[in-house]
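Read through the structure below, which is laid out as structure tokens, and then see the notes.
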Amino acid sequence: MAKKDDPNYKKLCGLIPKELFNDFKKWCIDENKDLSEGIEYAVTEIMKPKK
């Protein structure tokens, strides 16, 4: 089942500066992640409790 059809996933969209997008896309390629996986990783890291 594709993530877009999985009820456990929601679509997230927004606008970021072009240079940041290009840097993020390159990071995803370097980390062997698609953009969706990269976004999930980034949001998970942001949401971790601070020590």
Side-chain angles (χ1 to χ4, degrees):
M1 174 185 308
K3 286 182 183 178
K4 68 178 187 169
D5 299 324
D6 187 331
N8 294 311
Y9 284 84
K10 290 289 190 181
K11 186 175 183 175
L12 172 69
C13 91
L15 298 171
I16 60 173
K18 185 176 182 177
E19 185 175 340
L20 179 59
F21 173 79
N22 290 338
D23 290 346
F24 179 70
K25 187 174 177 181
K26 182 182 181 312
W27 179 87
C28 288
I29 291 167
D30 292 346
E31 295 295 318
N32 199 29
K33 296 182 184 300
D34 63 29
L35 291 177
S36 183
E37 291 170 321
I39 292 168
E40 186 174 346
Y41 174 81
V43 171
T44 299
E45 288 299 306
I46 290 167
M47 300 304 296
K48 282 184 179 176
K50 295 180 179 174
K51 294 180 181 180

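Quick caveat: nothing in here was measured; it's all calculated off a predicted structure. Basis for what follows: all heavy atoms, side chains included, without hydrogens, waters or symmetry-related copies.
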Extract all donor-acceptor atom pairs below 3.5 Å that involve side chains of residues 1-20 and protein atoms in other chains or at least two apart in sequence.
from: Asp6; atom 1: OD1; to: Asn8; atom 2: N; distance (Å): 2.8
from: Asp6; atom 1: OD1; to: Asn8; atom 2: ND2; distance (Å): 3.3

### Task
Identify the heavy atoms of Cys28 and Gly38 that sit nearest to each other, and give their distance.
SG-CA, 3.9 Å

### ring-ring contact (aromatic ring centres under 6.0 Å, His included) contacts in which one or both residues fall within residues 32-51, not counting sequence neighbours
Trp27-Tyr41

### Sequence neighbours excluded - side-chain hydrogen bond (donor to acceptor under 3.5 Å, both in side chains) pairs with any residue from residues 28-40
Lys26-Asp30

### Query
Once you round to the nearest 0.5 Å, how far does OG1 of Thr44 lie from CD1 of Ile39?
11.5 Å

